[in-house]
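Here is the naming used below: chain letters follow the sequence lines, and residue numbers restart at 1 for every chain.
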There are 2 protein chains.
Amino acid sequence: MKKPVTIQDVARAAGVSTATVSRALSSPDGVAEPKRRAVEAALVRTGYQINHAARNLRRQRTGVVVALVPKISNPFFSRILDGIDGVLRSEGMTLTVAETRPGGASAPTRGGEVNAAPLIAAFNNKSRADGVILLDGGLDWPSGGGDVPAAVYACEWRRGSSVPMVRAENARGAAKAVDHLWDIGHRRIGFVGDSRNVLIEERRRGVEIALARRGGRLDPKDLYQGDFSLDSGARAGARWLQSTDRPTAIVCANDEMAIGLIGAVARSGAQVPKDLSVTGFDDIDIARHVTPALTTLHQPRTALGRLAARTLVDLLAGREVDADQVLDVDLVQRDSTAPPRD
Amino acid sequence: MKKPVTIQDVARAAGVSTATVSRALSSPDGVAEPKRRAVEAALVRTGYQINHAARNLRRQRTGVVVALVPKISNPFFSRILDGIDGVLRSEGMTLTVAETRPGGASAPTRGGEVNAAPLIAAFNNKSRADGVILLDGGLDWPSGGGDVPAAVYACEWRRGSSVPMVRAENARGAAKAVDHLWDIGHRRIGFVGDSRNVLIEERRRGVEIALARRGGRLDPKDLYQGDFSLDSGARAGARWLQSTDRPTAIVCANDEMAIGLIGAVARSGAQVPKDLSVTGFDDIDIARHVTPALTTLHQPRTALGRLAARTLVDLLAGREVDADQVLDVDLVQRDSTAPPRD
DNA sequence: TTGTATGCGTTATCAC
DNA sequence: GTGATAACGCATACAA
């Protein structure tokens, strides 16, 4: 373990002062051509690696943004993270990702409370990150000003929080699903996602509004438990199979539950969409590949990520930002919905 | 933006020296009861938050391990990350995740070269992380000693590298898939995954060995391009559909390709497993939920993650570690395989 | 057990 | 445009 190369070593090798090396690194324009070249050569020659700890300490910022996601494996987040990463990269910042629900499948996947205090404490720290993008509405980020990093909710959020948020039109999206189903003849429409989570609440609200507009309603009997996981979708499917008095179509609060539900139903011999129409929400990559291909609501995920990142960047720059930015979602009709049998 | 609270402020509030505060934070045992309580009270009272930059600079380490994954959305990695996280957490370290293939679906998803140099440079830095777990065999980690962080390959690796690796029995796993298919009557078996990636190479090798053992062979005609993505699986399916002289079973190098392949085949009216048997590899969560449920090879993902993390911890502690640790893989029979038609 | 004092490697301020 | 130098906040060697 040899001693690390410092800026001093580089300075000596280049025959300049440490200040010049530092400037050559951070603002090359302020350094005259010949010296700059000398420094660059010395940098390579010595194998210099910057010490971020020292730089961060001195600058009082890290250049890092942390994205806090409920479950890293949820494919819904990937594009969002891509969008975030793109913007941050262009700003010279670094994205790192941390999971808020360690334990994977055994832990609640989304929504619901979790002992988030230590996690929040860990990341609500100026010396760890300049800013945080919260993709978990279960996290109650301390919004009071002060010394904390800037924060933005993306996709999920927390009611009553003053942290700015970026999200999709969840209620209207779900309403679009209902409109579609109603238009092709369904009158009894169920919903999967009866848990405490803003997204589920909003999407359910959209279902109720859309049904009400057509003179229908969401029967409590047609409400299935669901926590965004494949398994909870499968359980909903099992429940649907067991009953005889049941809906002809089911709106799921996300694609994974829809896939789980369809799987359970299909394995028992019933057919989707012949016996049951199913819609998802999110349009994850796999939605078009499963059988039947999933009718779902496409969220502009990359755009959401980009917008969230830009909002955070604005916040960091001290600019004014909108407290609530909402993007549209679109219905993508595929093969999991069809007119009811009768 | 008020000035941050330092240990000096805490020391003043508690009526002790900064050294005592620091000790109370890092090694409470070395501090007498009354002072310790006083410090703890002052900590809360002042709202102290540790400055990681300063601590890291002083300690010359970060307590952070970075996992470098090809594609964060690949569900295969989630359990592995859980395993890693569990071990690190118990060691008082923090896991952060970074993606090596930004750009999501548009970029190559796994395998193949990528301009990894800047990425490697960014993380091969003592001041950023104490160690790195590489889940991307495309990264050529500089294994020469010196000042670099400790590193371990997990799942994927790079031939010729001297970085220790932890992985599954890829060749034997693929061989098990072939054995199963052969046993139920298939004689012409194809393979999806003709790209430059260690995992694909190993799994293909397993297929070839198993076929050879039975007196069969892998016909070059039955080799389909595949890069681990859903879309490449779908393309393989399209190719299979177009030809008439074709295998009755296809072994896919991962589950996502298998799902993409099955989807393409099913949408054209052909039936899996009646017309074509398909196997995956990994046993991702969704594998049991798709229709037909996927026959695949289960990898001990959490165990792999844990082992990788333990190996890294050992490395950091200066302990001797095995250069190559291999875990077993098990065939999970589901509904995507059946005897051939004729 | 506790306090004092030093330095980790960098950037930024100031003078030249 | 360039160099000397003083912090940044903490952990630790050493002294007490």
Side-chain angles (χ1 to χ4, degrees), chain A residues 1-40 42-43 46-64 92 125-130 147 149, chain B residues 1-40 42-43 46-64 92 125-130 147 149:
Chain A
M1 196 79 63
K2 22 177 139 68
K3 232 168 76 187
V5 178
T6 74
I7 215 175
Q8 302 235 32
D9 302 319
V10 178
R12 204 172 310 125
V16 301
S17 74
T18 60
T20 298
V21 175
S22 175
R23 278 189 285 255
L25 246 32
S26 304
S27 45
D29 307 328
V31 174
E33 182 71 14
K35 300 231 175 201
R36 204 179 59 212
R37 300 175 79 91
V39 170
E40 277 161 7
L43 245 23
T46 56
Y48 173 77
Q49 305 236 95
I50 195 159
N51 184 318
H52 289 94
R55 166 177 281 185
N56 294 349
L57 175 58
R58 180 59 229 232
R59 285 193 175 161
Q60 300 288 64
R61 57 198 170 75
T62 63
V64 169
N125 184 316
K126 266 301 218 184
S127 63
R128 228 202 236 305
D130 299 340
D147 182 42
Chain B
M1 195 78 62
K2 21 178 137 68
K3 232 169 75 187
V5 179
T6 73
I7 60 172
Q8 301 235 32
D9 303 319
V10 178
R12 206 172 307 123
V16 301
S17 75
T18 59
T20 299
V21 176
S22 175
R23 278 189 284 255
L25 247 32
S26 303
S27 46
D29 307 328
V31 174
E33 183 70 16
K35 300 233 174 200
R36 203 180 60 213
R37 300 175 78 91
V39 170
E40 277 161 7
L43 245 23
T46 55
Y48 173 77
Q49 307 235 96
I50 195 156
N51 184 318
H52 289 94
R55 166 177 281 188
N56 294 350
L57 176 57
R58 179 59 228 236
R59 284 193 176 161
Q60 300 288 63
R61 58 198 171 74
T62 63
V64 169
N125 184 316
K126 266 300 218 185
S127 63
R128 225 201 239 307
D130 298 341
D147 182 43

Minimal heavy-atom distance between A/Y48 and A/I7, with the atoms involved, is CE1-N, 3.6 Å
Check: A/T46 side chain, A/A42 main-chain N or O, donor-acceptor pair, under 3.5 Å
yes
Where each residue is assigned the nucleotide of DNA chain C containing its nearest heavy atom, which of B/L57 and B/V31 is assigned the position nearer the 5′ end?
B/V31
Output the single nucleotide from C/dT11, C/dG9, D/dT12 whose closest atom is nearest the side chain of B/R58.
D/dT12
Length of the line joining B/N56:CG and D/dA11:P, which is rounded to integer Å
10 Å
Under 4.0 Å, counting only non-hydrogen atoms across every strand here, what does A/S26 touch: a base, just sugar-phosphate, or nothing?
sugar-phosphate
Are a donor atom and an acceptor atom from the side chains of B/S26 and B/R59 found within less than 3.5 Å of each other?
yes
Does any donor atom in the side chain of B/N125 or B/S127 lie under 3.5 Å from an acceptor atom in the other side chain?
yes
Quick one: A/Q49 CD to C/dT10 P, roughly how many Å, whole number?
11 Å
So, is B/S22 close to the D/dA11 phosphate, meaning a side-chain N or O under 4.0 Å from OP1 or OP2?
yes
Contact check, side chains of B/L57 and A/N51, non-hydrogen atoms, under 4.5 Å:
yes
For A/A19, which contact category applies under a 4.0 Å heavy-atom criterion: base, sugar-phosphate, or nothing?
base
In whole angstrom, give the distance that lies between atom CD1 of B/I7 and atom P of C/dT2.
15 Å
Sugar-phosphate only, base, or nothing, as touched by B/T20 at under 4.0 Å among non-hydrogen atoms:
sugar-phosphate
Looking at A/S17, I'd like to know whether one of its side-chain N or O atoms comes within less than 4.0 Å of OP1 or OP2 on D/dG3.
yes
Between B/K35 and B/T18, the residue closer to the 5' end of DNA chain C by nearest nucleotide is B/K35
On DNA chain D, compare the nucleotides closest to B/R23 and B/Y48; which residue's is nearer the 5' end?
B/Y48
A/D9 CG to C/dC8 C1', straight-line distance once rounded to whole Å:
14 Å
Between C1' on C/dA5 and CD on B/Q8, what's the gap in Å once rounded to a whole number?
12 Å
Please state how far atom CZ in A/R12 lies from atom C1' in D/dG3, giving the value in whole angstrom units.
15 Å
Checking all strands, does B/Q60 fall into the base, sugar-phosphate, or nothing category for heavy-atom contacts under 4.0 angstrom?
sugar-phosphate
Could you tell me the separation between the CG atom of B/N51 and the C1' atom of C/dG9, rounded to a whole number of Å?
14 Å
Grab the CZ-C1' distance between B/R55 and C/dG9 for me, whole Å please.
18 Å
